[in-house]
Amino acid sequence: MITSEAVPWAKAGGLADAVSALAQELDHSGHDVRILMPRYQGIRRDSLYRYPTPFTVRVGEEIYTTAVYEGRLGDSSVVVYFIDYEELYAREGIYGAGGSGYPDNLRRFSLLNHAAFAIGAFIGWEPDVLHSHDWPAAIVPVIAQRRRAMGAPGPATVLTIHNVGYQGTFPVGDLPHSGLSWIDLSESQLLHYDSLNLLKAGIVNADMVTTVSPQYANEIRTPRRGFSLDKVLSGKDERFVGILNGVDYEVWNPEKDPYLDAKYTPETVALKDRAKQTIQSELGLPITNDLPLIGMVSRLVDQKGFEELSSPGFGALPDILESGETQVAILGSGDERYEYYLRTLAHRYRNLSVVIGFDDRLAHLIEAASDFFLMPSRYEPCGLNQLYSLRYGTLPIVTRCGGFVDTVEPVSARGGTGFFIDEACPSAIGSTVLAAVGMWHRERARIDTMRRAAMKMRFGWERAAAEYVSVYERALAAARGGPGA
Ligand code: ADP
Ligand code: GLC
């Protein structure tokens, strides 16, 4: 797997969780899985093995002399190779700083992609399948096709799209940094609306393309949600499928979460109140059991609905807070604009607490402490937090899109596991949240029933891993031009 993120080493969002969990699950079922990623500044070298010889990678006209470090993923036998090249990777951010990308991202990630081919001879191991995640690894399928065209047999390629909103677009003049050639610069390949578009080129060339939920796979084949790649995706026909992400229940489980003083099961779900008190006192919210707590843990970006939620003048949060019926705790980082709006609101409302930053412990505590988990996303490829919420008995309030549709059951007379916002607009967000909060105040038994149902849902990685294996087989068949091609 070629990736820009993998827990526990580098995480900006769910991609990091998904890559590591999938790799581990495949490892458990007997596959030999290895991960290739950059060694960013935050990844300490002292716990890793360093290969004694330098590793050279050619990217077009440039030759990079790098070092390779090796580590292990948890207690699995998944080997992780880190490309160490200080000038490009030894920075604080994964993609950039202060909400904008690093100007040399094309160089940074092109090196990673070309390294995926050079490293086989270096370590003495060649995979059957190269599995790329998102645009930072999307050049891999292009290189594989070029090598095949020159008669070099190579691995099959699979590209997983975790978010079609991020495509890796660069000015055409930067092409030499990609190590690809001017011949690749056509509308049917790298070129897309006058820019280089790595994700598009990856989609076109991959033997199989996947995305992270079946519903999102359907949505991004349409102009409304495809971010201009809908036709390219439709063109893949049967070679494009949606596979729902899973949850690593070793990490996200209220029965053994090390961050919780009082662990709980569906039968002892009332113990959530202890986590609630901890959060209330830590975040400076009034300590009370008479109000429900709404939690959010999120990248603060347009995709996640923060415009609709927090924009001065029309955002939904003030109405929700002024009802006096609920408390809200938000943990996030991202666009400075949203950080500012949220801080301003937290100043004004005592029942809102905002923590700007990235904090794994607090993320677990908010999942456990909250009664509801709010995700008013404009679109959501899969979404992991609503899956964690279900396991923690924290009812998700989500928009009717993407992975939410595949994972949350709408509240009904018969039960359900969460609440759907019909449209990602401030009034619909406000009214759905207040309806859920109203149910907490007036029909608590119903909430408790939904909670227990939510906690019993399972979205394990076993199923997803089995689906990926069949995608790998189809990719292999396609690469050989055999059945399924
Ligand atoms: P996305 O990948 O689009 O950000 P997901 O719901 O799939 O959305 O995954 C987000 C992941 O990142 C979750 O594991 C969530 O807990 C974590 N996360 C997001 N923001 C923060 C933060 N500020 N602190 C800690 N964890 C965070
Ligand atoms: C992306 C998506 C998110 C998904 C995650 C893991 O970041 O935004 O919906 O859960 O990748 O696949």
J.: For residues H192 and S228, is any side-chain donor paired with an opposing acceptor at under 3.5 Å?
T.: yes
J.: Testing the basics here: between L199 and D134, what is the closest heavy-atom pair and its distance to 0.1 Å?
T.: CD1-C, 4.2 Å
J.: Would you confirm whether T265, through its side chain, and T268, through its main-chain N or O, come within 3.5 Å as a donor-acceptor pair?
T.: yes
J.: Identify the heavy atoms of V471 and V241 that sit nearest to each other, and give their distance.
T.: CG2-CG2, 3.8 Å
J.: Between G226 and Q167, what is the shortest heavy-atom contact and its length?
T.: O-NE2, 4.3 Å
J.: For R452, is there an ion pair with E267 - N to carboxylate O distance below 4.0 angstrom?
T.: no
J.: When you measure from the side chain of S311 to the backbone of E308, do you find a donor-acceptor pair of N or O atoms at a distance under 3.5 Å?
T.: no
J.: Between D257 and R361, is there a side-chain N and carboxylate O pair less than 4.0 Å apart?
T.: no
J.: Once you measure the plane-to-plane angle for Y468 and H131, does it fall in the parallel (<30°), tilted (30-60°) or perpendicular (>60°) bin?
T.: tilted
J.: Heavy atoms only: give me the nearest L48-G71 pair and the separation to one decimal.
T.: CD2-CA, 3.8 Å
J.: Could you tell me whether the side chain of V411 reaches within less than 4.5 Å of the side chain of M439, counting heavy atoms only?
T.: yes
J.: Aromatic contact between H28 and W461, with the criterion being ring centroids under 6.0 Å apart: yes or no?
T.: no
J.: Before accepting this row, confirm whether a basic side-chain N of the pair E423/R400 lies closer than 4.0 Å to the acidic partner's carboxylate O.
T.: no
J.: One thing to verify: whether D230 and R221 come together as a salt bridge, which I'm taking to mean a side-chain N less than 4.0 angstrom from a carboxylate O.
T.: no
J.: For the residue pair D17 / Y388, report whether a side-chain donor-acceptor contact shorter than 3.5 Å exists.
T.: yes
J.: Is R391 paired with E367 through a side-chain N to carboxylate O contact shorter than 4.0 Å?
T.: no
J.: Would you verify whether the NZ or CZ of R34 falls within 45 degrees of the ring axis of Y81 while also being under 6.0 Å from that six-membered ring's centre?
T.: no
J.: So, Q386 versus T407: side-chain donor-acceptor pair below 3.5 Å or not?
T.: yes
J.: So, taking the atom named CD1 in I421 and the one named CG in L374, what distance separates them when rounded to the nearest 0.5 Å?
T.: 5.5 Å
J.: So do V164 and Y216 actually touch side chain to side chain, heavy atoms under 4.5 Å?
T.: yes
J.: Short question: side chain of N245, backbone of A18 - any donor-acceptor pair under 3.5 Å?
T.: no
J.: Salt bridge (Lys or Arg N to Asp or Glu O under 4.0 Å) between E307 and R337: does it pass, once the steps are laid out?
T.: CA-CA 9 Å; E307 176 103 60; R337 184 163 64 113; 3.6 Å; yes
J.: Give a yes or no on whether the backbone of P381 and the side-chain of S213 come within a donor-acceptor separation of less than 3.5 Å.
T.: yes
J.: Take M1 and V19 through the side chain to side chain contact (heavy atoms under 4.5 Å, CB included) test and state the conclusion after the steps.
T.: CA-CA 8 Å; M1 291 191 195; V19 167; 4.2 Å; yes
J.: In terms of heavy-atom contacts, does CZ of R224 have more than 12 from other residues, nucleotides or ligands at under 6.0 Å?
T.: no
J.: With no hydrogens and no angle check, do the side chains of D248 and Q24 hold a donor and an acceptor under 3.5 Å apart?
T.: no
J.: Tell me whether N197 contacts the main-chain N or O of K200 through its side chain, where contact means a donor paired with an acceptor under 3.5 Å.
T.: yes
J.: Dump the intermediate steps for ring pair (Phe, Tyr, Trp, His ring centres under 6.0 Å) on F373 and F419, then the final yes or no.
T.: CA-CA 10 Å; F373 200 92; F419 301 83; over 10 Å; no
J.: Do the side chain of R378 and the main chain of T399 share a donor and acceptor less than 3.5 angstrom apart?
T.: no
J.: Look at the side chain of Q280 and the backbone N and O of T288, then say whether any donor-acceptor pair between them is shorter than 3.5 Å.
T.: yes
J.: Regarding T210 and T160, is there a side-chain donor-to-acceptor distance under 3.5 Å anywhere?
T.: yes
J.: Establish, from distance only, whether the side-chain atoms of N253 and Y392 form a donor-acceptor pair under 3.5 Å.
T.: no
J.: Pairing donors with acceptors under 3.5 angstrom, does anything connect the side chains of K272 and T394?
T.: yes
J.: For Y89, is the NZ or CZ atom of R39 found under 6.0 angstrom from the centre of its six-membered ring and inside 45 degrees of the ring axis?
T.: no
J.: In chain order, what residues pass the side chain to side chain contact (heavy atoms under 4.5 Å, CB included) check against P318, with sequence neighbours excluded?
T.: E322, L345, Y349
J.: Can you tell whether the side chains of K304 and E380 come within less than 4.0 Å, N to carboxylate O?
T.: yes
J.: Do S4 and Y95 get their side chains close enough for a donor-acceptor pair, meaning under 3.5 Å?
T.: yes
J.: Counting only N and O atoms by type, is there a donor-acceptor contact under 3.5 Å from the side chain of Y249 to the main-chain atoms of F459?
T.: yes
J.: Can we call the ring centroids of F109 and W135 under 6.0 Å apart?
T.: yes
J.: Counting neighbours of CD on E336 that are heavy atoms of other residues, nucleotides or ligands and sit closer than 6.0 Å, is the number greater than 12?
T.: no
J.: Would the distance check show the side chain of T449 and the main-chain N or O of A445 forming a donor-acceptor pair, the cut-off being under 3.5 Å?
T.: yes
J.: What closest approach, in Å, do I366 and G295 show between heavy atoms, and which atom pair accounts for it?
T.: CG2-CA, 3.8 Å
J.: Which pair of heavy atoms, one from G93 and one from Y40, lies closest together, and at what distance?
T.: O-CD2, 4.3 Å
J.: Does CZ belonging to R350 count more than 12 external heavy atoms closer than 6.0 Å?
T.: no
J.: Hey, are D371 and R451 close enough for a salt bridge, meaning a charged N less than 4.0 Å from a carboxylate O?
T.: yes
J.: Check for a donor-acceptor pair, side chain of D207 on one end and backbone N or O of A478 on the other, with a separation under 3.5 Å.
T.: no
